[in-house]
Amino acid sequence: MTSSLIRGRPRRATVRTRVRVAHAVLGGLAGIGWPVLPVMTMAAHDPVPVASAGAVAGAAVRQDETSSADLVLPLVAGAVAVSLAGYGYLRRTRRARTRTTPGTVSAQPPAPTRADSERQARAALLLADECVRTSREELSFVRNLFGEGRTEPFTRALRAAETELSAAFAIWRRYEEGVPEDPGARRQALVGVIGRCAEAGRRLDAEAGALDGLRRLDGPGADPRAAREPEADGQGAGGRGGAGAALEVAERRFREAAARTVTAQDTLAALRERYASTASAPVAGYVEQAKDRLVFATTRLNEARQAADVDDGGRTARHLRAGEGAVAQAEILVGAVERLAARLREAAGLVPAALTGAEAELAAVRGGERASPAPDGPRARLAHADGVLAAVREELTGGPYDPLDALRRISRAAERLGGARSGVLGVAALLVARGSVAGAEAFVGVHRGAVGTEARARLAEAVRELGAGRPGRADPVAREARELGERDVRAYGSPYAGAEGEAAGLAGAVLGGVLLAEEPDGGPPASYGGPLTRSRHHL
């Protein structure tokens, strides 16, 4: 059934058209009639009064001037009327041609192109990953203070967001690989990526207010769930809310991170002496960056303490969150050095056993070759494996070497032979993959202000491969993620280099995503929450 509104549109359009036509006709008649009037007057035979010769001469001149004016003005008026009528006709014709439906204007916006949808998906993945990482950092401080029980709702929300984000990255990776192939299904895949990222952010946004109410950094919490919580549950730092208790936790973790940084500097120096330069390359500069974050944290925690002393809740929350974020990143940087040292020691102990296991694989393959001669492909792989094992033996006896890289080469050579990934070779492959994934994760975490979607997507893929028990695939993908992240950081540079005041600490905080870089001073600190709440702590 057609509505009365729609049925009425053609009638109104017809009426308007008739009015315009009538105006045009009247204008045309006026333009034609005006020049005719003098002619009609000239044809009349009314008597003319007698006048003198001079008067007749003057009247003749005036009559000639008047006749000229009477002829010119009507012609101008007629031309104007015809022009207006023509303009109206052309305008109506042009409007009718550009309409999608006669008499109506389309209310539907143009459909986004595939490139537009892909850009939206990348931006959604980047933002959701930022929100998840920031929420994880702040939640660690809240858990220190209130314990697992009272922070369980926030932990559940974070886990749900992580699950949604992981699924979004998996869909995106399949999309990059050309799956699905149908254009319509590919559009739906992009919609799925954007939708899952939005859901991840929604989960975190929904709990941000309750977390603020529990912490009470800027005054008593307004969230009803927080108001019903008991003041203490015997966990963490007494289960107390408020800026004072939060500052105690942040300052304690700051002192611990500072002590670990000193130890990490000695550890890194020992690694450089004991192993090849490539062994410590993944954490090069990490101690200096940790010190930089701690300098920034010192300034912000001091400002938070001063603001708390004068009951300035807004400034307290802002500076405390910035200080907490810097401390968390210093812990990541120092922890990366500590974990690398432990993995290098473990790898050095595994290398001899891995060599033995790989040699057994070679012997088994050669035995099978003698039973049934192998084509040139397997023979080439055997020759390659022989070369790799010989090079590793030479490195073991020739001086400092990189144990993780040695294990990586041994594992790959054995894998190319098609041997079973069990025993010592499986342990070696798992150790190498875990090291690569952890290294890429730490790098992205402390440089997330510059790292783009591509590196994060590869890292998410490496995590999935490792979780699925495929370390041989996880290792190269994680290394690719690290390379892509380093490329992004080189391209990013430092927009705050050379600024006055705390230039070094500010640049590191923005690069690490501690501050959101929305203002000249680095912007608000990133906090637990989704896109709507993560930048809520403004001065």
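All heavy atoms count here, side chains included; hydrogens, waters and symmetry mates do not. In this text, all values refer to a predicted model and were calculated from it rather than measured experimentally.
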Determine, using ring centers only, whether Phe169 and Trp172 are less than 6.0 Å apart.
no
With a 4.5 Å cut-off on side-chain heavy atoms, are [Y] and [X] touching?
{"X": "Leu355", "Y": "Arg393", "result": "yes"}
{"X": "Leu459", "Y": "Val477", "result": "no"}
{"X": "Thr134", "Y": "Arg321", "result": "yes"}
{"X": "Val489", "Y": "Phe443", "result": "yes"}
{"X": "Arg260", "Y": "Gln265", "result": "no"}
{"X": "Asp292", "Y": "Glu288", "result": "no"}
{"X": "Tyr275", "Y": "Arg345", "result": "yes"}
{"X": "Ser535", "Y": "Ser527", "result": "no"}

For the residue pair [X] and [Y], what are the closest heavy atoms and their distance?
{"X": "Thr267", "Y": "Ala341", "answer": "CG2-CB, 3.7 Å"}
{"X": "Leu268", "Y": "Ser280", "answer": "CD1-CB, 4.0 Å"}
{"X": "Gly485", "Y": "Ala455", "answer": "N-CB, 3.6 Å"}
{"X": "Pro282", "Y": "Ala279", "answer": "CD-O, 3.5 Å"}

Quick test of your reading of the model: are [X] and [Y] salt-bridged, counting only N-O distances below 4.0 Å?
{"X": "Glu207", "Y": "Arg203", "result": "no"}
{"X": "Glu164", "Y": "Arg159", "result": "no"}
{"X": "Arg366", "Y": "Glu361", "result": "no"}
{"X": "Glu248", "Y": "Arg253", "result": "no"}
{"X": "Arg173", "Y": "Glu176", "result": "yes"}
{"X": "Glu324", "Y": "Arg215", "result": "yes"}
{"X": "Glu486", "Y": "Arg482", "result": "yes"}
{"X": "Arg381", "Y": "Glu415", "result": "no"}
{"X": "Arg448", "Y": "Glu137", "result": "yes"}

Is it the case that Arg534 places NZ or CZ above or below the six-membered ring of Tyr528, under 6.0 angstrom from the centre and within 45 degrees of the axis?
no
From [atom1] ([X]) to [atom2] ([Y]), nearest 0.5 Å:
{"X": "Glu346", "Y": "Leu404", "atom1": "CD", "atom2": "CG", "answer": "9.0 Å"}
{"X": "Asp182", "Y": "Gln188", "atom1": "CG", "atom2": "CD", "answer": "10.0 Å"}
{"X": "Arg464", "Y": "Leu466", "atom1": "CZ", "atom2": "CG", "answer": "12.0 Å"}
{"X": "His384", "Y": "Leu389", "atom1": "NE2", "atom2": "CG", "answer": "9.0 Å"}

Between Arg409, Arg416, Arg408, which is the residue that forms a side chain to side chain contact (heavy atoms under 4.5 Å, CB included) with Arg412?
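Passing option: Arg408.
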Worked check of side chain to side chain contact (heavy atoms under 4.5 Å, CB included) between Leu333 and Arg293
CA-CA 10 Å; Leu333 290 160; Arg293 300 294 197 279; 4.2 Å; yes
Is the number of heavy atoms from other residues, nucleotides or ligands under 6.0 Å of [X] [atom1] greater than 12?
{"X": "Arg114", "atom1": "CZ", "result": "no"}
{"X": "Arg136", "atom1": "CZ", "result": "yes"}
{"X": "Glu177", "atom1": "CD", "result": "yes"}

Without swapping roles, check the side chain of Asp205 against the backbone of Thr533 for a donor-acceptor pair under 3.5 Å.
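Yes, Asp205 side chain to Thr533 backbone: donor-acceptor pair under 3.5 Å.
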Could you walk me through whether Asp402 and Leu344 pass the side chain to side chain contact (heavy atoms under 4.5 Å, CB included) check?
CA-CA 8 Å; Asp402 184 347; Leu344 285 170; 3.9 Å; yes
Between Thr263 and Asp266, do the side chains contain a donor N or O and an acceptor N or O under 3.5 Å apart?
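There is no such pair between these side chains.
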Steps toward side chain to side chain contact (heavy atoms under 4.5 Å, CB included) verdict (Leu430, Arg434):
CA-CA 6 Å; Leu430 187 59; Arg434 285 175 175 169; 3.5 Å; yes
Over 60° means perpendicular and under 30° means parallel, so classify the ring planes of His447 and Tyr286, tilted if in between.
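The arrangement is tilted - the two ring planes meet at 30° to 60°.
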Any chance you could lay out the salt bridge (charged side-chain N to carboxylate O under 4.0 Å, His left out) test for Glu199 and Arg196, step after step, and finish with the verdict?
CA-CA 5 Å; Glu199 178 62 15; Arg196 285 185 175 273; over 6 Å; no
Between Arg252 and Asn144, does a side chain to side chain contact (heavy atoms under 4.5 Å, CB included) hold up when you go through it step by step?
CA-CA 11 Å; Arg252 173 177 59 78; Asn144 286 158; 4.1 Å; yes
Does the pair Arg133 and Glu441 meet the rule for a salt bridge (charged side-chain N to carboxylate O under 4.0 Å, His left out), with working shown?
CA-CA 11 Å; Arg133 290 178 182 276; Glu441 177 69 33; 2.6 Å; yes
Run the salt bridge (charged side-chain N to carboxylate O under 4.0 Å, His left out) test on Glu148 and Arg143 for me, step by step, so that the C-alpha distance in whole Å, both residues' side-chain angles and the decisive distance to 0.1 Å come before the verdict.
CA-CA 6 Å; Glu148 296 287 346; Arg143 191 179 293 118; 3.5 Å; yes
Could you please spell out the steps behind the salt bridge (charged side-chain N to carboxylate O under 4.0 Å, His left out) verdict for Arg174 and Glu461?
CA-CA 10 Å; Arg174 289 195 297 271; Glu461 180 185 0; over 6 Å; no
